[in-house]
Amino acid sequence: DTGFQSTAGRCDFSHRSPTPFFAKLPRLTFRRITPDAPLQSQWFFMKTTLQFAVLMAATMAMGPFAIDVYLPAFPVIAADLGVAESQVALTLSLFIFGLAFGQIIGGPLSDRYGRAPVLLTGLAIYAVTALMVAASNNLTWMISWRVIMAFGSGWIMVSVPALVRDNAHGKEAARLFSLVALIMFI
């Protein structure tokens, strides 16, 4: 049996001063399950892996969700803002640009400062700007908030694959990536 069992360890941020709040968060690590391991520990591994994959898929789906969910609302948005639908479509193009730019910036930041702070900051940016987009009363503000939202979403999307690679290696990482993709498509 080539399964893995999850154990919670602690992150070592002792080289940094002062210790950031996220240093106390448990880090998911894997250790090999022996063939004679009890069925209960193998079940725990499958349950933990599925929970991790669902969490990663839901987190990574935020970028595509922010694109797909408002496409059918283009006519209503255009009518509410008093602009043409082609102008509202500009928010989609700029969102894609912001998403790419966010990934370019977020990748090196997650390597330097860790996955957790970049992921949590990206989620915070995404959440706040989603509220601001909903409160926008003109196209200029909506475009501005959508670009910032995409930037935060890029930080989220670049952190998820890095977290998977940090927690699994080789065939296990490939299986986990496949599971995350499968859950996203469902």
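Owing to the predicted nature of the structure, the values given are computational and were not obtained by experimental measurement.
- Aromatic ring pairs are classed by plane angle as parallel below 30°, tilted from 30° to 60° and perpendicular above 60°; the pair F151 and W155 is tilted.
- In terms of hydrophobic clustering, with Ile, Leu, Val, Met, Phe, Trp and Tyr side chains grouped at heavy-atom distances under 4.5 Å, I125 and L163 are assigned to a common cluster.
- Residues V76 and V133 are members of separate hydrophobic clusters, defined by side-chain heavy-atom contacts under 4.5 angstrom among Ile, Leu, Val, Met, Phe, Trp and Tyr.
- The side-chain heavy atoms of M60 and P161, taken from C-beta on, include a pair separated by under 4.5 Å.
- The cationic group of R165 does not satisfy the cation-pi geometry with F177, failing either the under 6.0 Å distance to the six-membered ring centre or the 45° limit from the ring axis.
- From I143, atom CD1 reaches atom CG of L92 across 11.5 Å, with rounding to the nearest 0.5 Å.
- L99 and F97 fall into different hydrophobic clusters, where Ile, Leu, Val, Met, Phe, Trp and Tyr residues are linked whenever their side-chain heavy atoms come under 4.5 Å apart, directly or through other members.
- When all heavy atoms are compared, the tightest approach of M157 to G63 is SD-CA, 4.0 Å.
- Neither side chain, T91 nor R146, offers a donor N or O lying under 3.5 Å from an acceptor on the other.
- No side-chain heavy atom of L179 sits under 4.5 Å from any side-chain heavy atom of M56.
- Contact record, A66 with Y70: O-CD2, 3.3 Å, taken as the closest heavy-atom pair.
- Expressed to the nearest 0.5 Å, how far CG of L139 lies from CD1 of I77 amounts to 9.5 Å.
- Hydrophobic cluster membership is shared by F65 and L94, with clusters built from Ile, Leu, Val, Met, Phe, Trp and Tyr side chains linked at under 4.5 angstrom.
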query = Does the pair I96 and I67 meet the rule for a side chain to side chain contact (heavy atoms under 4.5 Å, CB included), with working shown?
reply = CA-CA 9 Å; I96 300 295; I67 295 170; 3.5 Å; yes
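- Shown here for A57 and V180, the closest heavy-atom pair between the two residues is CB-O, 3.5 Å.
- Taking all atoms of both residues into account, the shortest heavy-atom contact from L176 to A53 is CD1-CB, 4.0 Å.
- When hydrophobic clusters are built by joining Ile, Leu, Val, Met, Phe, Trp and Tyr residues whose side-chain heavy atoms come closer than 4.5 Å, directly or via intermediates, L131 is not grouped with V147.
- Side-chain N or O atoms of Q103 include none that pairs as donor or acceptor with a backbone N or O of A100 at under 3.5 Å.
- Atoms CD1 and CG, on I104 and L109 in that order, are 12.5 Å from each other to the nearest 0.5 Å.
- Between the side chain of S153 and the main chain of M149, no donor-acceptor pair closer than 3.5 Å is present.
- A donor-acceptor distance shorter than 3.5 angstrom exists from the side chain of S110 to the backbone of G107, with no hydrogens or angles considered.
- Atom CG of residue D80 and atom CG of residue N137 lie 11.0 Å apart, to the nearest 0.5 angstrom.
- Annotation: side chain of F52 is in contact with side chain of V164 (closest heavy-atom distance under 4.5 Å).
- Distance alone, capped at 3.5 Å, is enough to place a donor-acceptor pair between the Y126 side chain and the M62 backbone.
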